Protein chains: 2
Amino acid sequence: MEWDDCTVKASTDSASARPTIYDVAHRAGVSKSLVSLVLRGSPNVSDPRREAVQAAIDELGYRPSRAASALAANRTQSIGLLIDDFHNPWFVEVLRGLRSVLDPAGWNISVADLQLEALSGRNPLDGFLAMHVDGLIIAAEPHAAPPLRNLDVPFVVAGVRELDSGPADVVASDEVQGAGLAVEHLVQLGHRRIAHLSGTGGSAKARLDGYLRSVRAAGLEPLVVGESGDTTEEAGYTAARELFSGHDGVTAVFAANDTMALGALAALKEHGLRTPEDVSVVGYDNTPLAESRYLDLTSIDSHNASIGSEAARALLGRIAEPSAPRRQLLLAPSLMARGSTAAPPS
Amino acid sequence: MEWDDCTVKASTDSASARPTIYDVAHRAGVSKSLVSLVLRGSPNVSDPRREAVQAAIDELGYRPSRAASALAANRTQSIGLLIDDFHNPWFVEVLRGLRSVLDPAGWNISVADLQLEALSGRNPLDGFLAMHVDGLIIAAEPHAAPPLRNLDVPFVVAGVRELDSGPADVVASDEVQGAGLAVEHLVQLGHRRIAHLSGTGGSAKARLDGYLRSVRAAGLEPLVVGESGDTTEEAGYTAARELFSGHDGVTAVFAANDTMALGALAALKEHGLRTPEDVSVVGYDNTPLAESRYLDLTSIDSHNASIGSEAARALLGRIAEPSAPRRQLLLAPSLMARGSTAAPPS
DNA sequence: CTGAAAGCGCTAACAG
DNA sequence: CTGTTAGCGCTTTCAG
């Protein structure tokens, strides 16, 4: 992609002072108020005037000052996105979804992650509150996030279901259903001994629920390991190793996420078991990891971009109507079948 | 980690209006200017006064308005970080490094990625310029970034060497040296036929240079594939497949990055070759991928956190002294030896 | 539809 | 060391 200079409008020949709304008005031969109206796309401006103003804006390379408009309007037209960890790339799609609805409306998004924020020792929302965001998207496990109870800025929780805290707008994936998809896929392939690698946290819990429900619905015996551990690769490795040391006859493993599935793959390799010939493996989240040709991991996709766009719409709605009733939206996930699953050995 | 309410200071019982510097001054029995001085940590304030002001700030839950101070001071105390792609996690360590020096000084950092920014069709720096950042860290390949030539805001290029464009402050890793470490590691293990998976882009080029230099220094014959392709997993796969279909006798592969190395692993697996017994593989970047127990990939670490902190210092320096001579800083990388490398088959 | 006037909350000279 | 005085660039009534 090529970026030409027209939009950057670097240091002009004249003095370095950035043009103000005043300069634009002067050049267009109108008053500052009119420029302000054009900027905000008011319909009450005649076409010739509008064009004159736009021309002046372009010629001057005018760029409205966010600071000034925030101060005057008492709103920043910006929202904050709080995520768990920049290393966990699920937020990228969420952000893309957010932007697809927020960008056209002229909103600014800033992102903070709990891991990095924790270094500073401040409340992770401090930065957002200092910059006076008009709204917040919380895309982190509520238990890890700061208390949201009596926050006076509109917010919506995205991606994770707020299990414990007070009522909030929530846009999330139906993870119980997603886990069901994984189990049903394995059942249809002919597996009868399907183990689940679980862990702590709201998502893991929902996925466990879905696993239990579907396994029982299929008339099978559940087998869960690692329920009280992390959801890291290491935890997946440990849990899977335990699985294949003790319980025999397991032909399929459903991991609470792709990272744990990676750990399971390591354990299988160590035990001399092949994937998918000996043991099928299913992950969750459909990360780039799963898509990788080397891993080629069957996984569940939560459609994070949709979660983002719906969350944006929900937030805009709440900002416009702070007292509207809370809404919770659950989106249906889908299965991405890949090479890590196959029929069990006969 | 527990966040208590003290810093959030949600809607107080009184009216919802946020306290201003004026309220603080009134409560502390001083003038607004004094409060402003305390805020900025001026030494010219008597201790009792300072404490009174601080107490008022705490009691009121006062939080200075960034918009107002930006407007009045004509600087935002914020810098922008431009990265290639949120999916490429190398920026996380850079950001950590940046924050380690910028946070204590009260700076705000906002991050934008070229991929997402491209969706909007705007110049990726537009958002930063609109919010009037005081400085910019460019952590993206210069050819992909918008033109920096006559940008009137101080910036430093981090992580990649600006090969083509004008003079700029640069803080980067010595990738030529890093590639040398990889090759020397393989040579010491006894490898004689060491192939390199390359690709386009400044980093890939530097790594290729380092490879060529070291291979020749060891008296070996260079063997490079994929030089004009991507640096993706798919490209690594294709290049490695070509390698093991045609050229025989290759016992070690040095990929331009970990992702390409992953592609190489897929190709090796397909050819029935084991890692490291038959073929050793070295990546670059020391991503979480490489650390993974399943992949356990020997890789080169660029010490990105140091790049971040040095870049921050460089930027602060340039902001303070815009006409200082340009400086380029190259940091030494190191080798992370793991299980994907071993002596060649005898 | 358009122009004038009054700040938003803070900083940065100054003069006390 | 402290208080006063002007704005920063924009939005928003409110009259023309």
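First the proteins, then the strands, lettered A, B, ... as listed; each starts at 1. Note that the structure is predicted; figures quoted are calculated from it, not measured.
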Between [X] ([atom1]) and [N] ([atom2]), how many Å, whole number?
X: A:Gln77; N: D:dC10; atom1: CD; atom2: P; answer: 15 Å
X: A:Leu34; N: D:dC10; atom1: CG; atom2: P; answer: 15 Å
X: B:Met131; N: D:dC8; atom1: CE; atom2: C1'; answer: 17 Å

Bend across the helix from C:dC1-D:dG16 to C:dG16-D:dC1, to 10°, with axes taken over 5 pairs at each end?
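End-to-end axis angle: 30°.
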
Option passing side-chain contact (heavy atoms from CB on, under 4.5 Å) with B:Val24 (candidates B:Ile57, B:Val38, B:Val30, B:Leu34):
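Of B:Ile57, B:Val38, B:Val30, B:Leu34, side-chain contact (heavy atoms from CB on, under 4.5 Å) with B:Val24 is met by B:Ile57 alone.
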
Hey, does B:Asp84 have a side-chain heavy atom less than 4.5 Å from the side chain of B:Asp113?
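Not touching, per the 4.5 Å side-chain cut-off.
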
Any ion pair linking B:Asp169 and B:Arg318 (charged N to carboxylate O, less than 4.0 Å)?
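Looking at B:Arg318 and B:Asp169, the cut-off is met.
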
Answer yes or no: is there an ion pair linking A:Arg63 with B:Asp126, defined by an N-O contact shorter than 4.0 Å?
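Salt bridge flag = yes for B:Asp126 with A:Arg63.
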
Strictly under 4.0 angstrom, non-hydrogen atoms only: write out the protein contact profile of nucleotides 7-16 of chain C, one letter per nucleotide from the 5' end, B, S or -.
BBBBSB----

Could you give the distance from CG (A:Leu116) to NE2 (A:His87), rounded to the nearest 0.5 Å?
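Going from CG on A:Leu116 over to NE2 on A:His87, the span is 9.0 Å.
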
Within a reach of under 6.0 Å around NE2 of A:His26, are more than 12 heavy atoms found that belong to other residues, nucleotides or ligands?
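Result for NE2/A:His26: open.
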
Which residues satisfy the side-chain hydrogen bond (donor to acceptor under 3.5 Å, both in side chains) test with A:Asn108, sequence neighbours excluded?
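For A:Asn108, no residue satisfies side-chain hydrogen bond (donor to acceptor under 3.5 Å, both in side chains) once neighbours in sequence are set aside.
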
Compare side-chain N and O positions of A:Arg49 against OP1 and OP2 of C:dT2 and report whether any pair is under 4.0 Å apart.
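Yes.
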
Using only atom types and a distance under 3.5 Å, with no angle test, would you say the side chain of A:Asp134 pairs donor to acceptor with the backbone of A:Ile79?
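Answer holds: no.
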
